[in-house]
Asks: 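Handing you this structure, nothing more for now.
Every number for a ligand or one of its atoms is a count from 1 in the order of the listing.
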Amino acid sequence: MKLRKKQIDNVPVYVTQPSLAPFSDFIEKLRPSWESGILTHNGPLVQKFEKEIAKKLKVNNYVAVSNGTIALQMAIKALDLNGEIIVPAFTWIASISAIKWEGCKPVFCDIDKNTLNIDENLIEELITEKTVAIMPVHVFGNPCNAIAIERIAEKHNLKVIYDAAHAMGSKFDNKSILEFGDISATSTHATKLLNTAEGGGCITTNKELDSKLKRIRFFGHSEDKRDIVEDGFNGKMTEVHAAIGLSNINYYDQVLEDRKYKYELYQTELSNVKDIVFQRKIFGTSNFSYFPIILSSESLLLKIVKTLNAKGIFPRRYFYPSVNTFSIIKEKEACPVSEDISNRILCLPLYFLLEKKTILKISKLIISSI
Ligand code: T4K
């Protein structure tokens with residue numbers, strides 16, 4: 001079976017392209033919804049998608065929601081958090097906005113310069129009497145040191161919400177990284193390994209929390225819909241988005257395997273290149289969803305971007321700048337490692353339709369710029 005192939009002339013080459021099943025697969029999955037007129041409200045396709053994705057990831061439960069940012073907000077709401085949440089400075093702004101929208105305060109923690117994840121050795125010094133949780137991010141699908149983080153959380157009676165937006169398919173101790181912490185929140189946005197166009201999911205091993213998340217996602221209704229029993233909102237995934245997910249899930253293993261192959265190809269081509277270092281994978285198993293390179297200086301990064309752009313190739317500066325420096329952050333806290341890495345990190349194109357020859361071309365262009 002093949003994923004959707006489209007005309008490939010390799011220009012322009014963006015940082016990613018969605019992995020899409022053939023259109024006919026999608027239509028077949030969507031047909032029952034079209035015929036019944038059931039488009040939303042946790043209909044049969046959403047329920048099927050939840051079952052299939054949970055089976056694929058080998059997790060007990062998966063609560064499908066409208067996007068990864070809402071999944072983070074729902075996790076905060078479900079845990080009734082009110083106070084300071086420790087979060088790494090090297091992340092997408094959604095981690096921070098979710099904390100702020102739920103009325104909590106983000107407290108920025110610096111990262112480890114090798115793994116690019118929260119530096120667990122710096123967490124304890126940030127804990128105050130107002131701290132309620134830690135929100136580590138599995139950056140680019142590279143698992144955090146979950147054992148150390150959860151030990152700290154237990155010692156200080158804190159909740160752990162993993163921002164697992166990038167981490168579907170990543171593992172720790174041979175089980176899905178999504179089953180760690182009190183709740184993990186993932187994303188199935190168009191740019192992610194498995195996509196539903198927009199979408200996300202909450203994963204918890206706690207049955208009560210799982211039911212609460214489902215109520216929160218649906219305005220806070222009780223099971224019989226006669227009462228409102230939670231302070232909920234609309235976090236529902238539609239049947240159309242679930243149909244996209246159901247068609248793409250058949251190709252998920254293929255996409256995961258392809259990603260690893262291409263990641264390793266880049267790594268081989270760029271290994272031993274002076275001025276380039278790679279993200280280090282120390283804990284668990286990554287899903288290889290992004291291919292970041294850390295350059296020796298921002299000026300070299302800009303030179304490489306210019307060279308690639310001139311050839312119609314558009315890598316992305318994820319995450320840039322470090323979120324603690326954005327102007328919406330009023331109480332500035334320095335996170336020197338995150339700020340430094342943000343200035344020098346570049347994610348290279350990596351997606352299913354990307355051809356091997358393009359990876360070789362990109363690598364050559366980078367080497368020639370250095
Ligand atoms: N936590 C973390 C750590 C995250 O990284 C994110 C999101 C979240 C939480 C929140 O999850 P969501 O609420 O988004 O589910 C992207 C994504 O919008 C965002 O999901 C992602 N992280 C972030 C890292 O990247 P951009 O600004 O890169 O999008 P854009 O439009 O530049 O897309 C990149 C390339 O992908 C384009 O050059 C072309 C291609 N593309 C993109 C879209 C949207 C397509 O081919 N088709 C498409 O539909 O944000």
Asks: Does an N or O anywhere in G68 fall below 3.5 Å from an N or O of ligand 1?
Replies: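 Looking only at distances, the answer is yes, because the N/O contact criterion of under 3.5 Å is met.
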Asks: Give the atoms of ligand 1, by number and element, whose distance to some non-hydrogen atom of S187 is under 4.0 Å.
Replies: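 Under 4.0 Å from S187, ligand 1 has these atoms: 11 (O), 12 (P), 15 (O).
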Asks: Is atom 31 (O) of ligand 1 less than 4.0 angstrom from at least one protein heavy atom?
Replies: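 Protein heavy atoms within 4.0 Å of atom 31 (O) of ligand 1 - there are none.
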Asks: Provide the number and element of each atom of ligand 1 under 4.0 Å from a heavy atom of Y318.
Replies: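 What qualifies from ligand 1 is 24 (C), 25 (O), 26 (P), 28 (O), 34 (C).
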Asks: Within the 3.5 Å criterion, strictly below it, is a donor on S296 or D275 matched to an acceptor on the partner's side chain?
Replies: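 Yes, a side-chain donor-acceptor pair sits under 3.5 Å.
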Asks: With heavy-atom distances below 4.0 Å as the criterion, list the atoms of ligand 1 near A94.
Replies: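 Every atom of ligand 1 under 4.0 Å from some heavy atom of A94: 8 (C), 9 (C), 10 (C).
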Asks: Which protein non-hydrogen atom lies closest to atom 7 (C) of ligand 1, naming both residue and atom, and how far is it?
Replies: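 For atom 7 (C) of ligand 1, the nearest protein heavy atom comes out as W92 CD1, 3.4 Å.
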Asks: Looking at H166, which atoms of ligand 1 are within less than 4.0 Å of one of its heavy atoms?
Replies: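 Counting from 1, the qualifying ligand atoms are 3 (C), 4 (C), 5 (O).
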Asks: State plainly whether the residues K56 and D253 are in salt-bridge range, i.e. N to O under 4.0 Å.
Replies: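 A salt bridge is present here (some side-chain N lies under 4.0 Å from a carboxylate O).
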Asks: Could you check atom 37 (C) of ligand 1 against the protein and tell me its nearest heavy-atom contact, residue, atom and distance included?
Replies: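 Going by distance alone, atom 37 (C) of ligand 1 is nearest to Y14 CB, 4.2 Å.
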Asks: Using ring-ring contact (aromatic ring centres under 6.0 Å, His included), reason through F319 and H166 one step at a time and then give a plain yes or no.
Replies: CA-CA 13 Å; F319 302 109; H166 301 181; 5.7 Å; yes
Asks: Has the side chain of K58 got a donor or acceptor atom that lies under 3.5 Å from a matching backbone atom of K55?
Replies: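 Between the backbone of K55 and the side chain of K58 there is no qualifying donor-acceptor contact (under 3.5 Å).
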Asks: Under 3.5 Å between some N or O of ligand 1 and some N or O of T91?
Replies: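 No, T91 has no N/O under 3.5 Å of an N/O on ligand 1.
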Asks: Report the relative orientation of the aromatic rings in F172 and F283; use parallel for angles under 30°, tilted for 30 to 60°, perpendicular for over 60°.
Replies: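 The arrangement is parallel - the two ring planes meet at less than 30°.
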Asks: Any idea how Y318 and Y290 line up, ring-wise: parallel (<30°), tilted (30 to 60°), or perpendicular (>60°)?
Replies: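 Rings of Y318 and Y290: perpendicular, over 60°.
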Asks: Compute whether any side-chain donor of one residue and acceptor of the other, for N42 and Q47, lie under 3.5 angstrom apart.
Replies: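 Judged by distance alone, the side chains do not pair up.
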Asks: I need the nearest protein heavy-atom contact for atom 46 (O) of ligand 1: residue, atom name and distance, please.
Replies: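 For atom 46 (O) of ligand 1, the nearest protein heavy atom is P18 CD, 3.1 Å.
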Asks: Would you indicate which of C347, A164, A190 comes nearest to atom 43 (C) of ligand 1 when only heavy atoms are counted?
Replies: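 Nearest option to atom 43 (C) of ligand 1, by heavy atoms: A190.
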Asks: N/O of D163 under 3.5 Å from N/O of ligand 1, yes or no?
Replies: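 Checking ligand 1 against D163, an N or O pair does fall under 3.5 Å apart.
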Asks: Among protein heavy atoms, which lies nearest atom 33 (O) of ligand 1, and at what distance?
Replies: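 Going by distance alone, atom 33 (O) of ligand 1 is nearest to T191 CG2, 3.9 Å.
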Asks: How are the rings of Y266 and F291 set to each other: parallel, tilted or perpendicular (split at 30° and 60°)?
Replies: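 Geometry flag for F291 against Y266: parallel rings.
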Asks: How are the rings of H221 and F219 set to each other: parallel, tilted or perpendicular (split at 30° and 60°)?
Replies: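 Perpendicular: the ring planes of H221 and F219 meet at over 60°.
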Asks: Which atoms of ligand 1 sit under 4.0 Å from any heavy atom of V137?
Replies: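 Here the atoms of ligand 1 in question are 3 (C).
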Asks: Output the list of atoms in ligand 1 that are nearer than 4.0 Å to some heavy atom of R316, sorted by atom number.
Replies: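 Here the atoms of ligand 1 in question are 26 (P), 27 (O), 28 (O), 30 (P), 32 (O).
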Asks: Counting from 1, what ligand 1 atoms have a heavy atom of G199 closer than 4.0 Å?
Replies: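 So the answer, numbered in order with elements, is 15 (O).
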Asks: Yes or no: does G200 have any heavy atom under 4.0 Å from an atom of ligand 1?
Replies: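 It does not; every heavy atom stays at 4.0 Å or beyond.
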Asks: Please indicate whether any nitrogen or oxygen in T69 is less than 3.5 Å from any nitrogen or oxygen in ligand 1.
Replies: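 Yes, at least one N or O pair falls under 3.5 Å.
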Asks: For ligand 1, which is the ligand I care about here, please tell me if K192 has any N or O atom under 3.5 Å from one of the ligand's N or O atoms.
Replies: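 There is such a contact, yes.
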Asks: Measure from NZ or CZ of K262 to the centre of the six-membered ring of Y351 and say whether it is under 6.0 Å with the direction within 45° of the ring axis.
Replies: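 Judged by the rule (NZ or CZ under 6.0 Å from the ring centre, within 45° of its axis), K262 is not positioned above Y351.
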Asks: Show me which atoms of ligand 1 lie under 4.0 Å from any heavy atom of A165.
Replies: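 Here the atoms of ligand 1 in question are 1 (N), 2 (C), 4 (C), 6 (C), 8 (C), 9 (C).
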Asks: Could you state whether I149 and I282 fall into the same hydrophobic cluster, counting links through intermediate Ile, Leu, Val, Met, Phe, Trp or Tyr residues with side-chain heavy atoms under 4.5 angstrom apart?
Replies: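 Yes, one cluster joins them.
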Asks: Would you call the rings of Y263 and F288 parallel, tilted or perpendicular if under 30° counts as parallel and over 60° as perpendicular?
Replies: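 Plane angle over 60°, so perpendicular.
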Asks: On a heavy-atom basis, I'd like to know which of E198, R317, H189 is closest to atom 17 (C) of ligand 1.
Replies: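 Shortest heavy-atom distance from atom 17 (C) of ligand 1: H189.
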Asks: Within 45° of the axis and under 6.0 Å from the centre of the six-membered ring of F49, does NZ or CZ of K29 qualify?
Replies: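 The answer is no; the distance or angle limit is not met.
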Asks: Quick one: which of T16, I96, T188 has a heavy atom closest to atom 40 (C) of ligand 1?
Replies: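 Answer by nearest heavy atom: T16.
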